[in-house]
Protein chains: 2
Amino acid sequence: MFHLNISKSTLQRLPLYLNYLKSVRDKYVNISATIIADALKLNDVQVRKDLASVSSSGKPKVGYVTEDLIKELEDFLGYNTVNNAIIVGAGKLGKALMGYSGFKEYGLNILMAFDSDPKVIDEAERIMPIEKLPEFCRKMNIKIGIITVPAQNAQEVCDLLVESGVLAIWNFAPVHLRVPEDILVQNENMAAALAVLSNHLAEKLK
Amino acid sequence: MFHLNISKSTLQRLPLYLNYLKSVRDKYVNISATIIADALKLNDVQVRKDLASVSSSGKPKVGYVTEDLIKELEDFLGYNTVNNAIIVGAGKLGKALMGYSGFKEYGLNILMAFDSDPKVIDEAERIMPIEKLPEFCRKMNIKIGIITVPAQNAQEVCDLLVESGVLAIWNFAPVHLRVPEDILVQNENMAAALAVLSNHLAEKLK
DNA sequence: TAGATTGTTAATCGATTAACAATC
DNA sequence: TAGATTGTTAATCGATTAACAATC
């Protein structure tokens, strides 16, 4: 497994390839970048370059062995490695993410949620008071934090996570978070997505 | 309100500006692109260009009137226009999105969810059988569809939405959807986000 | 008037795509 | 061998950033 110099845009396409490959694994023993590109409506050189950063098992004329490529993508994407994570913010979105079993498939295991509101604390439901976050993170060696608090509290929660040893943050609050250089923030900005949708409709319907 | 030639990257930054402006509306009567750029760690020319595509009320030396700019951004982003939408896929994610009240703020009003599994249908909970989708969409003039079904069913659901008059699709399934040219697909690809997080950790911890 | 800030034109950068050489 | 496919080098494209002119 080598993880060098891979662009974010490439990285974000890899799960798409993996998903496509899984859907056709019974159909193709071997598969080419050309076929994948066709199916996903992408440029074939782009697919070839993306795959080259994950695998070097492609053979001219033959392409890739589908099962091998699936395995290489899964390994590369860490789907076979469990990453423990916590959520901060046990509102509707936080609870939904915690209850969503689909993340297991991607190697993400959400252990616990934290909230500052005493009324929502419920250790049986795996919701703990935020005061216990630092100790929990250190003890369980948590490296991924998920932020689902309102925008105005997101920065302080972010600071707390960084202090507690978290290295990567998945941020659902529509704010820019300031973090030290070596910490990654991945924004899941639903407001941004909605902006694109709404703008398209305004265009279409005007 | 003019919606011409605005790039997707600009569009996705606008909600960030709006959110920041709301957080400082009591502090600054006037605000400049420079201050916004500083706060959000963006390039000031970028912010200036982005704002120019939404507003022309900026004055040299003074900047923008904060409240006016907030209003202009909200109008542009359609936050003051209600867009009715439906969800297809009443699993955990679908239910969570339907229960999430936060979208109201962005002008998104989720009216109903649809599912093909008779066991989850519950009209009191606003979950209807998928067979009723086309009629509902036409009657209610639904233009936005949200897809939260498993990957393998996403394309057929997408086709059904397009047939039923939907113009913009918010896709939570990790697949590429084929749509006619004038239909917009906005992918909310959590698998892609997780790929970026996981790759960062693999880099850091190796 | 001076200078902070806007808005524009030009340069740079990174990602995508096209052209081509290598090879099973 | 012929040609489909890989992988690489060069060209293009779009977005970001830098330099600058306009102005309240």
Side-chain angles (χ1 to χ4, degrees), chain A residues 2 4-14 16-17 20-21 24 27-66 68-70 72-73 76 176 187 189 192 195-196 199, chain B residues 2 4-14 16-17 20-21 24 27-66 68-70 72-73 76 176 187 189 192 195-196 199:
Chain A
F2 53 107
L4 231 47
N5 296 341
I6 185 164
S7 83
K8 202 169 166 176
S9 11
T10 292
L11 211 37
Q12 299 192 100
R13 281 189 295 267
L14 296 182
L16 235 51
Y17 302 154
Y20 172 71
L21 290 172
V24 296
K27 195 169 153 200
Y28 300 117
V29 174
N30 291 288
I31 197 149
S32 71
T34 321
I35 293 179
I36 300 176
D38 263 20
L40 303 180
K41 295 256 185 186
L42 296 172
N43 181 284
D44 63 323
V45 179
Q46 186 172 66
V47 175
R48 215 166 282 127
K49 274 195 173 172
D50 287 347
L51 293 182
S53 61
V54 173
S55 168
S56 47
S57 66
K59 300 270 176 295
K61 193 168 176 181
V62 190
Y64 294 82
V65 176
T66 312
D68 291 357
L69 191 53
I70 289 176
E72 286 172 305
L73 278 165
F76 189 92
H176 173 89
N187 292 303
N189 196 337
V196 177
N199 184 259
Chain B
F2 52 106
L4 231 47
N5 296 341
I6 185 165
S7 83
K8 201 168 168 177
S9 14
T10 292
L11 210 39
Q12 298 192 99
R13 281 189 294 270
L14 297 181
L16 236 50
Y17 302 154
Y20 171 72
L21 290 172
V24 296
K27 195 168 151 201
Y28 300 116
V29 173
N30 291 289
I31 197 148
S32 71
T34 321
I35 295 179
I36 298 176
D38 264 20
L40 303 181
K41 296 258 185 181
L42 295 172
N43 181 283
D44 64 321
V45 180
Q46 187 172 64
V47 175
R48 213 165 283 127
K49 272 194 174 173
D50 288 347
L51 293 182
S53 61
V54 174
S55 167
S56 46
S57 66
K59 298 269 176 297
K61 195 170 175 182
V62 190
Y64 292 82
V65 176
T66 311
D68 291 357
L69 190 53
I70 288 176
E72 284 171 306
L73 278 166
F76 189 92
H176 172 89
N187 292 302
N189 195 338
V196 177
N199 184 259

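As the structure is a computational prediction, the values presented were derived from the model and not from experiment.
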- [ ] State the pairing partner of C:dC24; accept Watson-Crick or G-U wobble contacts with both distances under 3.5 Å, and report none otherwise.
- [x] D:dG3
- [ ] Return the nucleotide paired to D:dG14: Watson-Crick means purine N1 to pyrimidine N3 with N6-O4 or O6-N4, wobble means G-U with N1-O2 and O6-N3, both under 3.5 Å.
- [x] C:dC13
Could you give the [atom1]-to-[atom2] distance, from [X] to [N], as a whole number of Å?
X	N	atom1	atom2	result
A:Asp38	D:dT5	CG	C1'	13 Å
A:Tyr28	D:dT5	OH	P	11 Å
A:Ile35	D:dA4	CD1	P	13 Å
A:Asp44	D:dT8	CG	P	15 Å
A:Ile31	D:dA4	CD1	P	18 Å

TODO: Could you tell me whether the phosphate oxygens of C:dG7, OP1 or OP2, come under 4.0 Å of any side-chain nitrogen or oxygen in B:Tyr64?
DONE: yes
Closest non-hydrogen atom pair, [X] against [Y]:
X	Y	result
A:Asp44	A:Thr34	CB-CA, 4.2 Å
A:Tyr17	A:Leu40	CD2-CD1, 3.5 Å
B:Glu72	B:Val54	O-CG1, 3.8 Å
A:Val45	A:Asn43	N-OD1, 2.8 Å

Open item on the list: Counting primed atoms plus P, OP1 and OP2 as sugar-phosphate and everything else as base, spell out the protein contacts along nucleotides 16-24 of chain C at 4.0 Å heavy-atom distance: B, S or - for each nucleotide, 5' to 3'.
Closed with: SBB----BB
Task: pair A:Ser55-A:Tyr64: side-chain heavy atoms closer than 4.5 Å - done: yes
Task: Pairwise side-chain contact, A:Ile70 with A:Thr66, heavy-atom cut-off 4.5 Å (strictly under) - done: yes
